[in-house]
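The next block holds one structure in the form of structure tokens; read it before the comments.
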There are 2 protein chains.
Amino acid sequence: MSVSVINYHRVMGRWEPNARGRLTQAALELYVERGFEQTTVAEIAKLAGLTQRTFFRYFSDKREVLFWGSAQLQELLVRTVLNAEESAAPIIAVASAIEAGAELLQERRQGALLRHRVISANRELQERELIKLALLGEAITDALRQRGVPEIAARLSAETGITVFKIAFERWIVESKPREMKAIVDELLNELKVVTGEI
Amino acid sequence: MSVSVINYHRVMGRWEPNARGRLTQAALELYVERGFEQTTVAEIAKLAGLTQRTFFRYFSDKREVLFWGSAQLQELLVRTVLNAEESAAPIIAVASAIEAGAELLQERRQGALLRHRVISANRELQERELIKLALLGEAITDALRQRGVPEIAARLSAETGITVFKIAFERWIVESKPREMKAIVDELLNELKVVTGEI
DNA sequence: ACCATGATGTCAGCGACTGACATCGCTCCG
DNA sequence: CGGAGCGATGTCAGTCGCTGACATCATGGT
């Protein structure tokens with residue numbers, strides 16, 4: 001039984017700072033310890049020194065607390081696509097974005113691991129993860145369109161990129177002695193070229 | 001205001017046949033008329049001449065009633081992959097499966113259209129759709145492995161195929177004068193080859 | 001000191017979902 | 001033919017996610 005990093009509920013007044021951060025950390029702790037389903041929102045809020053009602057003011061639902069970072073990831077990928085060399089083919093722009101995302105996750109391996117463990121133990125959370133990835137795909141499609149890429153190519157490049165990102169992440173998490181995630185991405189891209197070459 | 005095709009609740013005894021079918025039809029009707037969120041499970045059950053409790057005996061949750069057919073689709077795609085020519089490259093086996101799936105949907109355009117309209121109006125339903133597609137991808141990956149395809153190629157081929165299937169379906173639904181869905185699939189596969197050729 | 005404002009708390013309520021137990025109709029066995 | 005067994009359905013009570021309405025508390029400016 002791990003000792004809680006936070007223990008605010010005894011000492012905190014109503015206006016302690018960083019309510020969102022406390023809620024996030026409390027939720028992650030409880031989800032890891034007991035699992036997502038076995039944790040109630042009231043418990044999370046109590047551990048963070050707040051009430052259930054306040055939890056729902058910060059997060060639209062019980063799952064969303066685990067996905068707050070995805071906006072940042074999306075912002076990074078979109079920016080990287082937009083900043084790619086003008087001459088770069090769509091799939092190349094997307095590849096560079098994926099690699100940038102891989103680096104971001106690499107810096108937070110510990111958190112990413114915990115988060116992934118929680119998510120992969122629960123179906124509802126997997127659903128949420130998938131829709132976040134789908135939204136990421138739409139955002140990248142938009143970015144490619146802004147680069148003048150035609151609709152179909154944009155959509156296919158973006159969605160294919162998301163697929164590679166997802167598979168790379170899973171393999172990276174699972175590897176006992178982890179390579180750089182970028183290496184995995186490159187391996188997958190090469191294999192993708194081979195596979196689709198058969199069409 | 002459309003007239004309900006079903007109106008069992010006045011006349012039906014406890015053991016009328018096809019409870020699952022009645023629930024499915026009642027749910028689709030109400031979801032179309034009022035939207036998913038504005039429909040309660042109790043209302044669905046009542047329209048089908050049953051109780052809420054019975055609804056949850058047939059469907060694990062309120063969303064699942066719209067996804068009962070996905071098992072059949074999955075069965076078809078997996079079978080098609082397994083039956084593909086032994087010499088066919090993985091992506092080719094997957095392509096033939098997608099085209100078989102396209103034909104299946106084609107036969108049910110009306111229902112598919114209704115269903116898609118309901119799903120695209122609601123985020124929770126989109127989440128469920130995405131996880132069903134992900135499971136479909138896993139099933140196809142398995143089928144490819146059984147054909148002796150190495151892990152990475154199997155996964156990439158399957159997931160890429162799912163992407164193509166998803167995009168093809170969306171375009172097919174949206175087109176005012178619909179082509180054969182197979183034609184759309186072929187167009188996307190060609191474009192995919194071009195796009196990934198740049199890697 | 002006072003007041004506007006934003007963050008938080010309190011309370012009541014709906015609806016999804018579940019477990020436990022009762023009831024109904026059918027089938028089959030004696 | 002009657003009752004036992006059984007599967008499908010109903011009933012009831014309860015938990016939890018989530019929301020709207022309103023009260024309350026600190027803080028900054030006047």
Side-chain angles (χ1 to χ4, degrees), chain A residues 6 8-28 30-31 33-68 118-119 122-128 131, chain B residues 6 8-28 30-31 33-68 118-119 122-128 131:
Chain A
I6 55 184
Y8 297 115
H9 44 110
R10 308 163 172 275
V11 281
M12 285 192 335
R14 207 171 178 178
W15 269 259
E16 292 296 319
N18 197 21
R20 166 167 268 128
R22 274 147 52 208
L23 286 167
T24 303
Q25 194 174 345
L28 184 58
L30 292 175
Y31 292 170
E33 272 185 19
R34 319 184 185 170
F36 176 79
E37 287 179 28
Q38 282 62 48
T39 304
T40 74
V41 173
E43 289 167 344
I44 298 169
K46 187 174 181 188
L47 182 56
L50 295 164
T51 59
Q52 197 203 43
R53 194 63 184 87
T54 298
F55 178 95
F56 286 113
R57 288 200 178 96
Y58 283 99
F59 304 101
S60 55
D61 63 50
K62 191 185 168 191
R63 289 172 256 173
E64 198 62 19
V65 64
L66 283 172
F67 295 89
W68 189 246
V118 172
I119 291 175
N122 181 275
R123 223 183 131 105
E124 290 180 63
L125 292 174
Q126 290 163 33
E127 293 185 350
R128 180 58 51 87
I131 206 171
Chain B
I6 55 184
Y8 297 115
H9 42 108
R10 306 163 172 275
V11 280
M12 284 192 335
R14 207 172 178 178
W15 269 259
E16 292 296 318
N18 197 22
R20 165 166 269 130
R22 274 147 54 207
L23 286 167
T24 303
Q25 194 175 346
L28 185 59
L30 292 176
Y31 292 170
E33 273 185 18
R34 320 183 184 171
F36 177 78
E37 286 180 29
Q38 283 61 48
T39 304
T40 74
V41 173
E43 289 167 345
I44 298 169
K46 187 174 181 190
L47 182 56
L50 295 164
T51 59
Q52 197 202 44
R53 194 66 185 84
T54 298
F55 178 95
F56 286 114
R57 288 199 178 97
Y58 282 100
F59 304 101
S60 56
D61 62 50
K62 191 186 168 189
R63 287 171 260 174
E64 198 64 18
V65 65
L66 282 172
F67 295 90
W68 190 247
V118 171
I119 291 175
N122 181 275
R123 224 185 130 104
E124 288 179 64
L125 291 174
Q126 290 164 35
E127 293 185 351
R128 180 57 51 87
I131 205 171

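Chain letters run A, B, ... following the sequence lines, proteins first, then strands; residues in each count from 1. Source: prediction; values computed, not measured.
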Figure out the [atom1]/[atom2] separation between [X] and [N], and round it to whole Å.
X	N	atom1	atom2	answer
A:Lys62	C:dC17	NZ	P	13 Å
A:Asn122	D:dC16	CG	P	16 Å
A:Phe56	D:dA21	CZ	P	18 Å

When every non-hydrogen atom of A:Arg22 is compared with those of A:Ala48, the smallest separation belongs to NH2-O, 3.0 Å
With sugar-phosphate meaning primed atoms plus P, OP1 and OP2, does A:Tyr58 contact a base, only sugar-phosphate, or nothing at under 4.0 Å between heavy atoms?
sugar-phosphate
A:Ala42 near the nucleic acid: base, sugar-phosphate alone, or nothing, with a heavy-atom cut-off under 4.0 Å?
nothing
For A:Arg53 and for A:Glu37, find the nucleotide of DNA chain D with the closest heavy atom, then tell me which residue's nucleotide is more 5'.
A:Glu37
Does A:Arg57 get its side chain close enough to the base of C:dG6, under 3.5 Å, for a donor-acceptor pair?
no
Less than 3.5 Å between a donor and an acceptor, one on the side chain of A:Arg63 and one on the base of D:dG17, is that the case here?
no
Approximate separation, where rounding is to 0.5 Å, of B:Leu66 CG and B:Arg128 CZ
10.0 Å
If only side-chain N and O atoms of A:Thr40 are considered, is one of them under 4.0 Å from the OP1 or OP2 phosphate oxygen of D:dC16?
no
Under 4.0 Å between a side-chain N or O of B:Thr54 and OP1 or OP2 of D:dT9?
no
Checking D:dT9, D:dC18, C:dC17 against the side chain of B:Asp61 (C-beta onward), the nearest is C:dC17
Selected nucleotide, minimal atom distance to B:Leu50 side chain, candidates D:dT9, D:dT19, C:dA16:
D:dT9
Between B:Leu47 and B:Ile44, is the side-chain contact (heavy atoms from CB on, under 4.5 Å) condition met? List the steps.
CA-CA 5 Å; B:Leu47 182 56; B:Ile44 298 169; 5.9 Å; no
Distance-only, no hydrogens or angles: does the B:Ser60 side chain make a donor-acceptor pair with backbone N or O of B:Phe56 under 3.5 Å?
no
